[in-house]
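Structure first, commentary second.
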Amino acid sequence: MRHLLNILELSTDEIDRLIATADDIMDAPEKYQNACSGKILATLFFEPSTRTRLSFESAMLGLGGKVLGFSDSSSSSAKKGESVADTIAVASAYADIIAMRHPKEGAPLVASLHSRVPIINGGDGGHYHPTQTLTDLLTIRHEKGRFDGLTVGLCGDLKFGRTVHSLIEALSRYAGVRFVLISPKELELPPVVREEYIEKKGIPCKVCRSLEGAMGELDILYMTRIQRERFACEEDYQRLKDSYILTPEKLGAAKPDCIVMHPLPRVNEIDVQVDNDPRACYFRQAYYGRYIRMALILMLLEEGKDGKSVPDKAHLPLPENRLPGGVCRNPHCITTTEQGLEQCFTREGSGEYRCFYCETKVE
């Protein structure tokens, strides 16, 4: 049985095959209208979502399958204190595949350890969002025709922006990619992402505070929302929320073939007048999301058709390297709330330890 928790769990060849399948579904949807007949997708969203949840549900319905689930933790037993592990152990008995979103980093990993069926990470805190990255990659392939040799500007909340983290990880595997990181100092890209996927790979990278100063060199501008729900302090959010606003005037300095992407929802970081510019492709991006998720559902169900794995809660596959007495200090880690979850750490070649669940370094 296979899960998708992190975009790097897919090889570039597998991504190409998923894109090819998504293209075929777009070209001939009738071929796939009964592909998942008799199958059930559970959408377990412990955090509100519009596009991701609806695109998963639309994808499964378009494949002839059925959908069940919840759209907010308040409508689930999580409100009563039920753990993620227990919720998944039960829900995976009712469905053939699960798409989930959770505000705590590492929650889908915990889910995968207790599930009888494939788990798809629909976003875990500021950690990963692999299906948004697949959506982004399909968009880039359609709009730019390639992944290599692109200068990609990432603007806004680079600290908590899980879509940014996953996209950097995915694009870092292609030749000639260059990143321009545009953010306030307080919302800079986390060191772990920059070190692992930019610096260690020798990828050219430029840090900017000004959107206008970077615009003319970009092939792709990836705008992000300053995420109110990730701030512990309302005052900090209010101070930073309007850091970058893309207007038609600012976009005027961009290349004629530059594209503007956004994972959505937007607040005010893209002026609505930009919507009329042909370079704005964020609504096309949302359209592509349905088809790449259809392709992913098909792939995971096909790979798991030989039988379901029933996990043994007493023998979970935790890593061998431990840090006795270690505690993850990331307040967004699933270990801060999950009942009975063992603290566990993996050791890197450098001798440093990282939390098994959220990958935060132990200081």
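Residues Val84 and Leu341 are not in side-chain contact: their nearest non-hydrogen atoms beyond the backbone lie 4.5 Å or more apart. Here the side chains of Leu8 and Tyr197 are in contact, with some heavy-atom distance below 4.5 Å. Gln285 has its side chain within reach of Asp136: a pair of non-hydrogen atoms, C-beta onward, lies under 4.5 Å apart. When side chains are defined from C-beta on, Lys255 counts as touching Asp219, because their heavy atoms get closer than 4.5 Å. No side-chain heavy atom of Ser183 sits less than 4.5 Å from a side-chain heavy atom of Lys159.
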- Step by step, work out the side chain to side chain contact (heavy atoms under 4.5 Å, CB included) result for Ile203 and Ile168. CA-CA 11 Å; Ile203 295 174; Ile168 287 174; over 6 Å; no

- Audit row: Glu82, Thr87, side chain to side chain donor-acceptor pair (under 3.5 Å) steps and yes/no: CA-CA 7 Å; Glu82 184 176 55; Thr87 299; 2.8 Å; yes

- Message: Is there a ring pair (Phe, Tyr, Trp, His ring centres under 6.0 Å) between Tyr174 and Phe147? Walk through the geometry before answering.
- Response: CA-CA 6 Å; Tyr174 296 94; Phe147 298 132; 4.9 Å; yes

- Task: Run the numbers on Asp16 and Arg141 for salt bridge (charged side-chain N to carboxylate O under 4.0 Å, His left out), then give the verdict.
- Result: CA-CA 10 Å; Asp16 285 342; Arg141 179 66 65 83; 3.0 Å; yes

- Message: If you apply the rule salt bridge (charged side-chain N to carboxylate O under 4.0 Å, His left out), what do you find for Glu217 with Lys206, and how did you get there?
- Response: CA-CA 11 Å; Glu217 59 190 294; Lys206 175 181 175 182; 2.8 Å; yes

- His127 and Glu359: side chain to side chain contact (heavy atoms under 4.5 Å, CB included), yes or no, with the steps? CA-CA 9 Å; His127 199 209; Glu359 300 176 296; 2.8 Å; yes

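Remark: the backbone N or O of Ser112 is not paired with any side-chain donor or acceptor of Ser115 at under 3.5 angstrom. Between the side chain of Ser92 and the backbone N or O of Ile88 there is at least one donor-acceptor pair closer than 3.5 Å. Checking side-chain atoms of Lys361 against main-chain N and O of Cys355 turns up no donor-acceptor pair under 3.5 Å. In this structure, Ser55 contributes its side chain and Thr52 its backbone to a donor-acceptor pair below 3.5 Å. Using a distance-only test at 3.5 Å, with no hydrogens or angles considered, no donor-acceptor pair links the side chain of Asn34 to the main chain of Gly64.
Pairing each heavy atom of Ser71 with each of Arg53, the nearest pair is CB-NE, 3.4 Å. Between Leu138 and Met26, the shortest heavy-atom distance links the atoms CD2-CE, 4.2 Å. The heavy-atom pair separating Ala59 from Arg290 by the smallest distance is CB-O, 3.6 Å.
Interatomic distance, Lys66 NZ to Met60 CE, rounded to the nearest 0.5 Å: 11.0 Å. Residue Leu61 holds its CG atom at 9.5 Å from CE of Met294, rounded to the nearest 0.5 Å. Atom CZ of residue Arg178 and atom CG of residue Leu218 lie 8.0 Å apart, to the nearest 0.5 angstrom. Here the CD1 atom belonging to Ile259 is positioned 8.0 Å from the CG atom belonging to Leu150, to the nearest 0.5 angstrom. Rounding to the nearest 0.5 Å gives a distance of 9.0 Å between CZ of Arg293 and CD1 of Ile120. Taken to the nearest 0.5 Å, the CD1 atom of Ile297 stands 12.5 Å off from the OG1 atom of Thr21.
At most 12 non-hydrogen atoms from other residues, nucleotides or ligands lie less than 6.0 angstrom from CZ of Arg194. By the 6.0 Å contact criterion, NZ on Lys250 is enclosed, its count of non-hydrogen atoms from other residues, nucleotides or ligands being greater than 12. Heavy-atom contacts from other residues, nucleotides or ligands closer than 6.0 Å to NZ of Lys201 number more than 12. The local environment of NZ in Lys39 is sparse, with at most 12 non-hydrogen atoms from other residues, nucleotides or ligands closer than 6.0 Å.
The ring pair (Phe, Tyr, Trp, His ring centres under 6.0 Å) test applied to Tyr291 returns Tyr287, not counting sequence neighbours. The side-chain hydrogen bond (donor to acceptor under 3.5 Å, both in side chains) test applied to Thr12 returns no partner, not counting sequence neighbours. Looking at residues two or more places apart in sequence or on another chain, you find no ring pair (Phe, Tyr, Trp, His ring centres under 6.0 Å) involving Tyr282. The side-chain hydrogen bond (donor to acceptor under 3.5 Å, both in side chains) check on Thr133 picks up nothing, with sequence neighbours excluded. Scored by the ring pair (Phe, Tyr, Trp, His ring centres under 6.0 Å) test, His142 finds Tyr288 as partners (sequence neighbours excluded). Every residue meeting the side-chain hydrogen bond (donor to acceptor under 3.5 Å, both in side chains) condition with Thr360, not counting sequence neighbours, appears here in chain and number order: Asn330.
Following chains of ILVMFWY side-chain contacts shorter than 4.5 Å, one cannot reach Val272 starting from Tyr244, and the two form parts of different hydrophobic clusters. No continuous path of hydrophobic side-chain contacts links Leu54 to Phe283 [ILVMFWY only; heavy atoms under 4.5 Å]. Placement of Ile198 and Val192 within a single hydrophobic cluster is found when ILVMFWY residues are connected by side-chain heavy-atom separations under 4.5 Å, directly or transitively. Residues Ile292 and Tyr32 share a hydrophobic cluster, clusters being chains of Ile/Leu/Val/Met/Phe/Trp/Tyr side chains in contact below 4.5 Å. Transitive grouping of hydrophobic side chains (ILVMFWY, heavy atoms separated by less than 4.5 Å) keeps Val67 and Ile40 in distinct clusters.
Of the residues listed (Arg101, His165, Arg162), the one engaging His129 in a side chain to side chain donor-acceptor pair (under 3.5 Å) is Arg101, and it is the only one.
Of the charged side-chain nitrogens involved, at least one lies within less than 4.0 Å of a carboxylate oxygen, so that Glu188 and Arg209 count as a salt-bridged pair. Salt bridge status for Glu14 with Arg2: present, with a side-chain N to carboxylate O gap under 4.0 Å.
Aromatic ring orientation, Phe46 versus Phe70: perpendicular (interplanar angle above 60°, classes split at 30° and 60°).
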